[in-house]
Amino acid sequence: MHASDVADDLVEVLFTEEQIQARVAEMATEIERDYEGKDLVIVGVLRGAVMIMADLARSLTKHVEMDWMAVSSYGSGTKSSGVVRILKDLDADITGRHVLIVDEIIDTGLTLSWLTSNLGSRGPASVEIATLLRKPEALQMPIEARYVGWDIPNEFVVGYGLDYRERYRNMRDIGTLAPSVYS
Ligand code: PRP
(Lines give C-alpha, C1' and ligand atoms only; values in the text may rest on other atoms or scores of the structure.)
Protein backbone atom coordinates (compact mmCIF):
# COMPACT_ATOMS: atom_id res chain seq x y z
CA MET A 1 0.00 0.00 0.00
CA HIS A 2 1.16 3.53 -0.76
CA ALA A 3 0.46 6.72 1.19
CA SER A 4 -1.63 7.84 -1.77
CA ASP A 5 -3.97 4.90 -1.15
CA VAL A 6 -4.92 6.33 2.26
CA ALA A 7 -4.25 10.01 1.58
CA ASP A 8 -7.33 11.15 3.52
CA ASP A 9 -5.99 9.50 6.69
CA LEU A 10 -2.68 11.37 6.63
CA VAL A 11 -1.70 14.92 7.47
CA GLU A 12 1.49 14.55 5.48
CA VAL A 13 3.97 12.05 4.14
CA LEU A 14 7.10 12.31 6.28
CA PHE A 15 9.28 9.90 4.31
CA THR A 16 8.58 8.34 0.94
CA GLU A 17 9.38 4.76 0.08
CA GLU A 18 12.40 5.96 -1.92
CA GLN A 19 13.74 8.05 0.97
CA ILE A 20 13.32 5.14 3.37
CA GLN A 21 15.05 2.68 1.05
CA ALA A 22 17.96 5.09 0.52
CA ARG A 23 18.39 5.76 4.26
CA VAL A 24 18.21 2.08 5.19
CA ALA A 25 20.87 1.32 2.56
CA GLU A 26 23.10 4.03 4.07
CA MET A 27 22.63 2.55 7.53
CA ALA A 28 23.52 -0.89 6.17
CA THR A 29 26.74 0.47 4.67
CA GLU A 30 27.70 1.99 8.01
CA ILE A 31 26.84 -1.21 9.89
CA GLU A 32 28.84 -3.31 7.46
CA ARG A 33 31.87 -1.09 7.90
CA ASP A 34 31.63 -1.12 11.72
CA TYR A 35 31.17 -4.90 11.99
CA GLU A 36 33.73 -5.88 9.37
CA GLY A 37 35.05 -9.37 10.18
CA LYS A 38 32.76 -9.75 13.21
CA ASP A 39 30.10 -12.31 14.01
CA LEU A 40 26.88 -10.29 13.93
CA VAL A 41 23.36 -11.23 15.03
CA ILE A 42 20.63 -8.74 14.21
CA VAL A 43 17.59 -8.90 16.47
CA GLY A 44 14.28 -7.56 15.23
CA VAL A 45 11.65 -6.47 17.72
CA LEU A 46 8.32 -7.84 16.57
CA ARG A 47 6.17 -6.76 15.01
CA GLY A 48 7.00 -3.28 13.84
CA ALA A 49 10.60 -4.05 12.89
CA VAL A 50 9.72 -6.61 10.23
CA MET A 51 10.07 -4.15 7.33
CA ILE A 52 13.36 -2.58 8.38
CA MET A 53 14.82 -5.97 9.28
CA ALA A 54 13.97 -7.32 5.84
CA ASP A 55 15.37 -4.30 4.01
CA LEU A 56 18.43 -3.85 6.23
CA ALA A 57 19.41 -7.51 6.11
CA ARG A 58 19.08 -7.63 2.32
CA SER A 59 21.21 -4.51 1.97
CA LEU A 60 24.09 -6.23 3.78
CA THR A 61 26.54 -8.03 1.55
CA LYS A 62 27.91 -10.32 4.27
CA HIS A 63 26.38 -13.19 6.25
CA VAL A 64 24.27 -12.12 9.18
CA GLU A 65 22.07 -14.11 11.52
CA MET A 66 18.53 -12.79 11.88
CA ASP A 67 16.68 -13.45 15.11
CA TRP A 68 13.52 -12.05 16.65
CA MET A 69 12.08 -11.07 19.98
CA ALA A 70 8.52 -10.21 20.87
CA VAL A 71 7.97 -8.12 23.96
CA SER A 72 4.97 -6.59 25.59
CA SER A 73 5.44 -3.02 26.76
CA TYR A 74 2.34 -3.20 28.88
CA GLY A 75 3.53 -5.53 31.61
CA SER A 76 1.74 -3.74 34.41
CA GLY A 77 -0.95 -1.71 32.77
CA THR A 78 0.65 1.27 31.11
CA LYS A 79 3.55 1.63 28.76
CA SER A 80 5.12 4.26 31.02
CA SER A 81 5.51 1.67 33.78
CA GLY A 82 8.63 0.54 31.94
CA VAL A 83 7.77 -3.06 32.68
CA VAL A 84 8.46 -5.30 29.71
CA ARG A 85 7.49 -8.94 29.35
CA ILE A 86 9.14 -11.35 26.92
CA LEU A 87 6.53 -13.01 24.68
CA LYS A 88 9.07 -14.64 22.37
CA ASP A 89 12.71 -14.95 23.28
CA LEU A 90 15.73 -15.30 21.02
CA ASP A 91 16.47 -18.66 19.47
CA ALA A 92 20.16 -17.79 19.23
CA ASP A 93 22.75 -18.03 21.98
CA ILE A 94 24.39 -14.60 21.89
CA THR A 95 27.24 -15.35 24.29
CA GLY A 96 30.40 -13.74 22.95
CA ARG A 97 28.64 -12.45 19.84
CA HIS A 98 27.93 -8.96 18.54
CA VAL A 99 24.24 -8.09 18.78
CA LEU A 100 22.47 -5.30 16.93
CA ILE A 101 18.88 -4.66 18.00
CA VAL A 102 16.83 -3.38 15.07
CA ASP A 103 13.61 -1.47 15.56
CA GLU A 104 11.60 0.99 13.54
CA ILE A 105 11.06 3.58 16.29
CA ILE A 106 12.32 4.73 19.66
CA ASP A 107 9.48 6.59 21.32
CA THR A 108 9.80 6.76 25.11
CA GLY A 109 12.88 4.54 24.92
CA LEU A 110 11.51 2.18 27.57
CA THR A 111 11.32 -0.91 25.36
CA LEU A 112 14.83 -0.72 23.95
CA SER A 113 16.40 0.45 27.17
CA TRP A 114 15.01 -2.65 28.88
CA LEU A 115 15.92 -4.90 25.96
CA THR A 116 19.48 -3.60 25.78
CA SER A 117 20.08 -4.38 29.41
CA ASN A 118 18.33 -7.75 29.15
CA LEU A 119 20.46 -8.85 26.19
CA GLY A 120 23.53 -7.26 27.76
CA SER A 121 23.19 -9.62 30.73
CA ARG A 122 23.60 -12.67 28.47
CA GLY A 123 27.31 -12.20 27.92
CA PRO A 124 27.39 -10.82 24.37
CA ALA A 125 30.51 -9.20 22.91
CA SER A 126 28.45 -6.04 22.36
CA VAL A 127 24.88 -4.77 22.15
CA GLU A 128 23.98 -1.80 19.98
CA ILE A 129 20.76 -0.34 18.57
CA ALA A 130 19.70 0.57 15.05
CA THR A 131 16.40 2.41 14.70
CA LEU A 132 14.87 4.04 11.68
CA LEU A 133 13.06 6.72 13.70
CA ARG A 134 13.57 8.37 17.06
CA LYS A 135 11.40 10.93 18.86
CA PRO A 136 13.80 12.98 21.01
CA GLU A 137 10.95 14.90 22.66
CA ALA A 138 9.24 11.70 23.83
CA LEU A 139 12.31 10.07 25.39
CA GLN A 140 11.92 9.12 29.04
CA MET A 141 15.18 7.19 29.31
CA PRO A 142 18.67 8.08 28.23
CA ILE A 143 19.29 5.60 25.45
CA GLU A 144 22.20 5.34 23.07
CA ALA A 145 21.24 4.32 19.56
CA ARG A 146 24.31 3.84 17.37
CA TYR A 147 22.38 4.01 14.09
CA VAL A 148 19.42 6.37 13.68
CA GLY A 149 17.64 6.95 10.39
CA TRP A 150 15.91 10.19 11.37
CA ASP A 151 14.86 12.14 14.43
CA ILE A 152 11.21 13.16 14.15
CA PRO A 153 8.78 15.37 16.08
CA ASN A 154 6.52 13.82 18.69
CA GLU A 155 3.66 13.02 16.33
CA PHE A 156 1.63 9.92 15.59
CA VAL A 157 3.38 8.27 12.66
CA VAL A 158 2.33 5.19 10.72
CA GLY A 159 3.64 3.06 7.88
CA TYR A 160 6.68 0.87 7.21
CA GLY A 161 5.82 -1.36 10.17
CA LEU A 162 4.28 1.33 12.35
CA ASP A 163 0.60 0.78 13.05
CA TYR A 164 -2.51 2.36 14.39
CA ARG A 165 -4.74 -0.47 15.61
CA GLU A 166 -2.85 -2.91 13.37
CA ARG A 167 -3.48 -0.83 10.26
CA TYR A 168 -0.97 1.01 8.06
CA ARG A 169 1.92 -1.36 8.84
CA ASN A 170 1.94 -2.38 5.18
CA MET A 171 2.13 1.19 3.90
CA ARG A 172 5.40 1.67 2.01
CA ASP A 173 5.83 5.28 3.12
CA ILE A 174 5.81 6.84 6.58
CA GLY A 175 3.19 9.49 7.29
CA THR A 176 1.64 11.49 10.11
CA LEU A 177 -1.79 10.18 10.99
CA ALA A 178 -4.66 12.66 10.85
CA PRO A 179 -6.19 13.28 14.31
CA SER A 180 -9.61 12.56 12.79
CA VAL A 181 -8.57 8.91 12.46
CA TYR A 182 -7.78 8.38 16.15
CA SER A 183 -9.93 10.94 17.95
C1 PRP B 1 6.81 -0.07 19.19
C2 PRP B 1 8.17 -0.10 18.51
C3 PRP B 1 9.14 -0.19 19.63
C4 PRP B 1 8.40 0.46 20.78
C5 PRP B 1 8.98 1.81 20.98
O6 PRP B 1 6.37 -1.35 19.39
O7 PRP B 1 8.30 -1.18 17.63
O8 PRP B 1 9.48 -1.52 19.94
O9 PRP B 1 7.04 0.59 20.42
O10 PRP B 1 8.30 2.47 21.99
P11 PRP B 1 9.03 2.96 23.31
O12 PRP B 1 10.31 3.62 22.90
O13 PRP B 1 8.02 3.96 23.88
O14 PRP B 1 9.23 1.81 24.21
P15 PRP B 1 4.88 -1.68 19.91
O16 PRP B 1 4.90 -1.90 21.39
O17 PRP B 1 3.93 -0.64 19.42
O18 PRP B 1 4.60 -3.09 19.23
P19 PRP B 1 4.59 -3.47 17.67
O20 PRP B 1 6.02 -3.42 17.19
O21 PRP B 1 4.01 -4.84 17.64
O22 PRP B 1 3.74 -2.45 16.96
Side-chain angles (χ1 to χ4, degrees), residues 1 3 6 9-10 14-15 17 20 23-24 27-28 31 41-57 66-92 94 99-122 124 127-179 181-183:
M1 184 167 91
V6 286
D9 295 354
L10 305 174
L14 274 185
F15 305 107
E17 178 180 13
I20 296 167
R23 190 70 188 104
V24 171
M27 291 168 75
I31 290 165
V41 184
I42 56 174
V43 174
V45 187
L46 293 167
R47 291 166 279 179
V50 166
M51 308 297 176
I52 184 169
M53 274 286 277
D55 288 335
L56 190 67
M66 298 170 74
D67 205 342
W68 303 90
M69 280 189 78
V71 295
S72 158
S73 328
Y74 300 92
S76 68
T78 66
K79 196 161 189 167
S80 58
S81 68
V83 177
V84 175
R85 206 156 43 96
I86 296 178
L87 304 177
K88 186 229 167 278
D89 207 341
L90 293 180
D91 291 318
I94 57 170
V99 176
L100 181 62
I101 304 171
V102 177
D103 212 342
E104 82 290 3
I105 193 163
I106 294 178
D107 196 330
T108 62
L110 295 171
T111 307
L112 289 195
S113 159
W114 183 89
L115 202 54
T116 305
S117 91
N118 181 284
L119 297 186
S121 70
R122 304 184 193 191
V127 180
E128 299 287 349
I129 294 172
T131 181
L132 184 64
L133 305 177
R134 179 175 61 186
K135 289 181 175 174
E137 295 155 23
L139 273 183
Q140 292 180 18
M141 291 263 169
I143 182 163
E144 289 285 321
R146 187 160 179 188
Y147 309 95
V148 179
W150 294 286
D151 280 324
I152 61 166
N154 194 8
E155 288 168 348
F156 202 136
V157 290
V158 292
Y160 199 68
L162 290 155
D163 75 305
Y164 171 63
R165 295 192 171 168
E166 296 308 324
R167 290 181 156 193
Y168 308 98
R169 284 196 203 273
N170 61 323
M171 189 168 81
R172 293 170 179 271
D173 319 277
I174 292 173
T176 309
L177 197 61
V181 176
Y182 57 85
S183 58

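The shown structure was predicted, so the numbers you read here are calculated from the model rather than taken from an experiment. This chain uses plain numbering: 1 for the first residue, then up along the sequence. Counting starts at 1 for both ligands and their atoms, in listed order. All values below come from the heavy atoms of this structure, side chains included, with hydrogens, waters and symmetry mates left out.
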Participant: V45 versus ligand 1: do any nitrogen or oxygen atoms come within less than 3.5 Å of each other?
Facilitator: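 Not met; the criterion fails.
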Participant: Which ligand 1 atoms, with their elements, are less than 4.0 angstrom from a heavy-atom of T111?
Facilitator: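 Reading through ligand 1 atom by atom, the close ones are 4 (C), 8 (O), 10 (O), 11 (P), 14 (O).
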Participant: The criterion is side-chain hydrogen bond (donor to acceptor under 3.5 Å, both in side chains); which residues satisfy it with N154, sequence neighbours excluded?
Facilitator: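 With sequence neighbours excluded, N154 shows a side-chain hydrogen bond (donor to acceptor under 3.5 Å, both in side chains) to no residue whatsoever.
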Participant: Please confirm whether Q140 approaches ligand 1 to less than 4.0 Å, judged on its heavy atoms.
Facilitator: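 Under 4.0 Å: no for Q140.
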Participant: Quick one: which ligand 1 atoms are inside 4.0 Å of a heavy atom on D163?
Facilitator: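 What qualifies from ligand 1 is 22 (O).
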Participant: At less than 4.0 angstrom from any non-hydrogen atom of T108, what atoms of ligand 1 do you find?
Facilitator: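 Result: 11 (P), 12 (O), 13 (O), 14 (O).
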Participant: I'd like to know if the side chain of D163 and the backbone of R169 have a donor-acceptor N/O pair within less than 3.5 Å.
Facilitator: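 The answer is no, because no donor-acceptor pair under 3.5 Å joins these two groups.
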Participant: Closest approach of A138 and D107, non-hydrogen atoms and distance?
Facilitator: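 Smallest heavy-atom distance, with atoms named: CB-OD1, 3.3 Å.
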Participant: At less than 4.0 angstrom from any non-hydrogen atom of L46, what atoms of ligand 1 do you find?
Facilitator: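 Under 4.0 Å from L46, ligand 1 has these atoms: 20 (O), 21 (O).
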Participant: Measure across I86 and W114 and return the closest heavy-atom pair with its distance rounded to 0.1 Å.
Facilitator: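 What the structure gives for the nearest pair is CG1-CH2, 3.6 Å.
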Participant: Tell me whether E166 at atom CD has more than 12 heavy atoms from other residues, nucleotides or ligands lying less than 6.0 Å away.
Facilitator: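 Yes, the 6.0 Å shell around CD holds more than 12 heavy atoms from other groups.
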Participant: Within a distance under 4.0 Å of any heavy atom of G109, pick out the atoms of ligand 1 and give their elements.
Facilitator: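 This gives 11 (P), 12 (O), 13 (O) as the contact atoms.
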Participant: Do any nitrogen or oxygen atoms of A49 come within less than 3.5 Å of a nitrogen or oxygen of ligand 1?
Facilitator: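 Between A49 and ligand 1, no N or O pair is found under 3.5 Å apart.
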Participant: Could you give the distance from CG (L14) to OG1 (T176), rounded to the nearest 0.5 Å?
Facilitator: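 Between atom CG of L14 and atom OG1 of T176 there are 3.5 Å.
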Participant: Which atoms of ligand 1 sit under 4.0 Å from any heavy atom of L110?
Facilitator: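 Listed by number with element: 12 (O), 14 (O).
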Participant: Answer side chain, backbone, both or neither: which part of R169 comes under 4.0 Å from ligand 1, heavy atoms only.
Facilitator: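 Under 4.0 Å from ligand 1, R169 contributes side-chain atoms alone.
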Participant: Under 3.5 Å, is there a donor-acceptor pair between the side chain of R23 and the main chain of V148?
Facilitator: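 Looks like yes, one N/O pair under 3.5 Å.
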Participant: Please check if any side-chain donor atom of D9 sits under 3.5 Å from a side-chain acceptor atom of Y164, or the reverse.
Facilitator: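 D9 vs Y164: no donor-acceptor pair found between side chains.
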Participant: Between L162 and ligand 1, find which residue part has any heavy-atom pair under 4.0 Å and reply side chain, backbone, both or neither.
Facilitator: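 Under 4.0 Å from ligand 1, L162 contributes no heavy atoms.
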Participant: Counting from 1, what ligand 1 atoms have a heavy atom of D103 closer than 4.0 Å?
Facilitator: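 Result: 2 (C), 3 (C), 7 (O), 8 (O).
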